[in-house]
Amino acid sequence: MSLPKELEKILEITREQNIWRRTQTLNLIASENVMSPLAESVYMSDFMSRYAEGKPYKRYYQGTKYVDEVETFTMELMNEITESKECDLRPISGTIANAAVFRVLAEAGEKALIAPVQAGAHVSHTKFGTLGALGIQHIELPFDIENINVDVDKSIKMIEQVKPKFVVLGGSLYLFPHPAKELAPHVHSVGAKLVYDAAHVYGLIVGKVWSNPLKEGADVMTVSTHKTFPGPQGGAIFSNNEELFKQVSRTIFPWFVSNHHLHRLPATAVTAIEMKYFGEAYANQILKNAKALAEALAERGFKVIGENLGYTKSHQIAVDVREFGGGNKVAKILEDANIIVNKNLLPYDKPDAVSDPSGLRIGVQEMTRYGMKEDDMEDIAELFKKVLIDKKDVNEVKKEVIEFRRNFLDVKYTFEDIRDLDKYSTKTLKLLI
Ligand SMILES: *Cc1c(COP(=O)(O)O)cnc(C)c1O
């Protein structure tokens, strides 16, 4: 039988996606990344079809001996690179990790203080997201617009006054580290817990270019495993507080996950090993690239925010593009030129401007992983200028983008001399038996 139309269609869509985003676009979404070929090989393994509810060696199903082994070993690796005592890899996303933690720390009706939306809080921290679904009240910490950050003095007063159950720091537009060390003693003095959401910056923490919140007084850290940490999509929870960790860990299953998508485990382990050996070089290059891109854009006349603060200390930069028609319009024009970014609220935007905010958020982590250096950031800035300032034909710029991207097709910061990758995936199984 020849291929049915439906099948041809889905195969073709997948092929187009792979060609487009893997070889032809500048991927500058701050929450995305690319796994190494080795991590992808082990991701495409039999683990993807299996169930293992519960914890290693205490499962509700049979057939899990290798799952137990891989899960235990991956947790050990993750604790090693995170310098933490406890790790749980079962949350299937950062949002689920937050849900489990928040649920343990407060009952419905109780209060949580969160970083303000202007300081980049994630929707899961708010009444519109996970916190709201759990019925926990959110109150925003005061914001300091000069420093594009949480206002420390005012926050201390608010913590003492409100006496919340917990305080959440960390954000999605996250240029400068939130003041965990400064606030932790005050959070603890009212009997509350400090949650640090490191979804975006976990790879920077492992790469030692961002302070480790667990060493700064955070009681628990939630992460995504696919943003600056370049693993499979997923979440994780870390803590050094065994009592608290036990409670959280009991909550994940059965409240927030049943099965935990087991093929993530070997792929997360491979990524952890890559980060152990190459993480510092990768993270240092991310910071250099982010700064270089901010400076190169500013030199060409773009309004990059945070100039007085050196633009950024993370993998991200934010650009005010109101003069070019606002974030919504500009992000679409850039996409036509194969430059992929997202529109974003800037600290001075009203929260309800989400569908047409003033800014763009740009992340350099993925292109760094493809080997880009500071000089290449100049080229990217020039491409932005051609589209938005020179108003060159987007199709022409798109051709230049495709040409430029051709030089960056291989994932770096990984083990290059592993030749027979298919051996580790299900692809060539029949040849192996
Ligand atoms: C991305 C993000 C999350 C959620 O992560 P998912 O893995 O997409 O569920 C949580 N918190 C912050 C601050 C984020 O930026």
Side-chain angles (χ1 to χ4, degrees), residues 27-35 78 87-103 105 112-134 136 138 140-141 148-150 166-180 194-205 210 213 218 220-238 248 252 256-257 260-261 264 267-268 271 312-318 341-345 347 351 354 357 359-363 365-366:
N27 298 328
L28 300 170
I29 304 270
S31 57
E32 295 181 347
N33 216 316
V34 60
M35 279 200 278
M78 293 293 269
C87 164
D88 202 309
L89 293 167
R90 290 173 300 162
I92 55 169
S93 76
T95 300
I96 297 295
N98 281 345
V101 170
F102 297 166
R103 180 64 185 81
L105 295 181
L113 293 180
I114 63 165
V117 169
Q118 293 103 308
H122 186 249
V123 65
S124 64
H125 305 172
T126 71
K127 63 180 173 216
F128 309 107
T130 310
L131 210 62
L134 295 169
I136 301 165
H138 93 237
E140 291 192 354
L141 293 166
I148 315 184
N149 212 325
V150 172
F166 62 94
V167 174
V168 187
L169 296 177
S172 298
L173 175 67
Y174 203 17
L175 304 172
F176 305 103
H178 289 168
L194 181 60
V195 181
Y196 194 101
D197 182 341
H200 263 272
V201 292
Y202 178 51
L204 304 181
I205 292 168
W210 191 277
V220 55
M221 172 167 79
T222 58
V223 311
S224 296
T225 52
H226 52 268
K227 293 183 178 177
T228 50
F229 185 84
Q233 292 210 344
I237 300 172
F238 296 93
V248 173
I252 297 167
F256 295 101
V257 298
H260 49 289
H261 302 184
R264 293 192 295 122
T268 303
T271 311
T312 182
K313 291 201 160 120
S314 74
H315 58 303
Q316 305 183 0
I317 63 174
V341 299
N342 66 277
K343 61 186 169 194
N344 218 94
L345 287 175
V354 277
L360 298 179
R361 183 184 68 168
I362 302 173
Q365 70 295 335
E366 183 174 342

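Sequence positions, counted from 1, serve as the residue numbers for this chain. Counting starts at 1 for both ligands and their atoms, following the listed order.
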Exercise. Using 30° and 60° as the class limits, which term best fits the ring planes of Tyr202 and Phe229: parallel, tilted or perpendicular?
Worked result: tilted
For this session: Specify the protein heavy atom at minimum distance from atom 11 (N) of ligand 1: its residue, its atom name, and the distance to 0.1 Å.
Result: Asp197 OD2, 2.5 Å
Exercise. For ligand 1, which atoms have a heavy atom of His226 less than 4.0 angstrom away?
Worked result: 7 (O)
For this session: Just jot down the ligand 1 atoms closer than 4.0 angstrom to any heavy atom of Lys227, in number order.
Result: 1 (C), 2 (C), 3 (C), 4 (C), 5 (O), 14 (C), 15 (O)
Problem set entry | Centroid-centroid distance, Tyr174 to Trp210, less than 6.0 Å | yes
Seminar exercise, completed: atom 7 (O) of ligand 1 sits nearest the protein heavy atom Gly94 N, 2.7 Å
For this session: Kindly determine whether Leu204 and Ser314 satisfy side chain to side chain contact (heavy atoms under 4.5 Å, CB included), including the steps that lead there.
Result: CA-CA 8 Å; Leu204 304 181; Ser314 74; 4.1 Å; yes
Exercise. Backbone or side chain, does any N or O of Thr95 fall under 3.5 Å from an N or O of ligand 1?
Worked result: yes
Exercise. Knowing that exactly one of Ile205, Asp88, Thr222, Val223 qualifies, which makes a side-chain contact (heavy atoms from CB on, under 4.5 Å) with Phe238?
Worked result: Val223
Exercise. Would you say Lys313 has more than 12 foreign heavy atoms packed within less than 6.0 Å of its NZ?
Worked result: no
For this session: Name the closest protein heavy atom to atom 5 (O) of ligand 1, giving the residue it belongs to and the distance to 0.1 Å.
Result: Ser224 OG, 3.0 Å
Seminar exercise, completed: Under 4.0 Å from one or more heavy atoms of Ser172, ligand 1 contributes atoms 12 (C), 13 (C), 14 (C), 15 (O)
Problem set entry | pair Phe102-His125: side-chain heavy atoms closer than 4.5 Å | yes
For this session: With heavy atoms of Ala199 as the reference, note each atom of ligand 1 found under 4.0 Å away.
Result: 2 (C), 3 (C), 10 (C), 11 (N), 12 (C), 14 (C)
For this session: For Gly171, counting its heavy atoms only, list the atoms of ligand 1 lying under 4.0 Å from any of them.
Result: 13 (C)
For this session: For His200, take its heavy atoms, then give the atoms of ligand 1 lying under 4.0 Å from any of them.
Result: 15 (O)
